[in-house]
Amino acid sequence: MSRGILIVLSGFSGAGKGTLMKELMKTYDNYALSISMTTRAPRQGEQDGREYFFSTREKFEEKIAQNGLIEYAEYCGNYYGTPRDYVETKLNAGMDVILEIEIQGMRKVKKMFPDMLSLFVTPPDAAELARRLRGRGTETEESVMKRLNTAVLEAEGVEDYEYIVVNDDLKRCVEEIHGIVRAAKRKPVRNEEFINSIRAGLKVLAKGE
Ligand code: ADP
Ligand code: 5GP
């Protein structure tokens with residue numbers, strides 16, 4: 001069994017990352033979605049251990065001190081981080097592991113896993129982002145403005161990603177993400193074991209033995 005690939009998915013708050021991930025997980029069984037730890041308060045309907053591991057700042061800082069996070073970042077005044085154990089276990093089990101994290105986290109993960117795949121999700125246009133953020137009904141107007149201002153900065157970093165996916169129609173976008181992952185898995189750098197076995201076989205045949 002070959003090791004899975006690590007996929008980082010980022011995008012402006014309200015672009016639809018959570019919605020896309022739910023649909024992707026429902027449709028395909030090769031993915032494992034990492035659950036982050038955060039100090040932000042749960043939104044209505046969110047459950048501890050499902051969307052996030054909700055934590056106090058003290059507990060989060062303890063986890064950092066124990067080296068229990070692959071990466072962490074502060075976003076709009078809260079800590080967010082990726083627990084280490086889950087990622088390694090699932091990759092070794094052959095699953096394709098998705099980290100739904102922001103750009104600072106993506107840059108840190110890239111240093112540790114240079115052959116990870118990175119995707120950036122956007123809405124079809126800026127006005128639609130504001131509509132989705134407000135339409136979700138989970139943020140105060142102050143939090144919406146913070147997130148839109150953060151989006152302005154994030155938009156400057158989009159070139160650091162390998163692919164942009166536009167979340168217009170949800171199901172179409174899920175298919176596009178799955179297609180990109182499938183193609184990425186066929187890159188030679190991610191198939192060294194297979195290529196080496198073909199090379200070895202060819203050498204034997206070419207000797208005529
Ligand atoms: P994120 O996780 O990126 O912050 P969410 O998944 O919470 O975003 O989505 C933000 C809002 O946009 C939600 O109300 C969601 O139902 C809506 N949404 C997500 N994808 C689409 C889409 N393709 N078309 C229309 N609305 C969408
Ligand atoms: P939200 O509060 O909307 O759930 O998430 C805010 C931002 O934090 C999003 O851009 C999301 O991708 C990012 N995020 C979620 N978990 C992590 C994490 O573990 N690490 C980092 N760096 N960012 C995260």
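In each ligand, atom 1 is the first atom listed, and ligand 1 is the first ligand listed. Both backbone and side-chain heavy atoms feed into the values below; hydrogens, waters and symmetry mates do not.
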(request) Measure the acute angle between the ring planes of Y72 and Y79, then classify it against the limits of 30° and 60° as parallel, tilted or perpendicular. (result) perpendicular

(request) Using heavy-atom distances, let me know which of T19, L133, V166 sits nearest atom 5 (P) of ligand 1. (result) T19

(request) Name the option, out of L20, D168, N167, L9, that contains the heavy atom nearest to atom 20 (N) of ligand 1. (result) N167

(request) Would you please say whether a donor-acceptor pair under 3.5 Å links the side chains of R40 and T38? (result) no

(message) Pairing donors with acceptors under 3.5 angstrom, does anything connect the side chains of S10 and E102?
(response) no

Could you check if a side-chain atom of [X] sits within less than 4.5 angstrom of a side-chain atom of [Y], using non-hydrogen atoms only?
{"X": "L148", "Y": "F12", "value": "no"}
{"X": "Y163", "Y": "I177", "value": "no"}
{"X": "Y75", "Y": "R147", "value": "yes"}

Heavy atom of the protein closest to [atom] (residue, atom name, distance):
{"atom": "atom 2 (O) of ligand 1", "answer": "G18 N, 2.9 Å"}
{"atom": "atom 10 (C) of ligand 1", "answer": "G14 O, 3.6 Å"}
{"atom": "atom 8 (O) of ligand 1", "answer": "G16 N, 3.1 Å"}
{"atom": "atom 18 (N) of ligand 1", "answer": "R132 CD, 4.0 Å"}
{"atom": "atom 7 (O) of ligand 1", "answer": "R136 NH1, 2.8 Å"}

(message) A quick test of your reading: do over 12 heavy atoms of other residues, nucleotides or ligands sit less than 6.0 Å from CZ of R182?
(response) no

(request) Decide if atom CG of D29 counts as having more than 12 heavy atoms of other residues, nucleotides or ligands within a radius under 6.0 Å. (result) no

(message) Can you list every protein residue that has a heavy atom under 4.0 Å from any atom of ligand 2, sorted by chain and residue number?
(response) S13, K17, S36, R40, R43, Y52, E71, A73, Y75, Y80, G81, T82, E100, I101, E102, G105, R147

Gap separating the [atom1] atom of [X] from the [atom2] atom of [Y], nearest 0.5 angstrom:
{"X": "Y52", "Y": "E46", "atom1": "OH", "atom2": "CD", "value": "7.0 Å"}
{"X": "R57", "Y": "N78", "atom1": "CZ", "atom2": "CG", "value": "7.0 Å"}
{"X": "D169", "Y": "E175", "atom1": "CG", "atom2": "CD", "value": "10.0 Å"}

(message) What I want to know is whether K17 and ligand 1 share at least one N or O pair that is separated by under 3.5 angstrom.
(response) yes

(message) Any nitrogen or oxygen of G135, side chain or backbone, less than 3.5 Å from one on ligand 1?
(response) no

(request) Would you mind listing which atoms of ligand 1 come within a distance below 4.0 Å of any non-hydrogen atom of F12? (result) 3 (O)

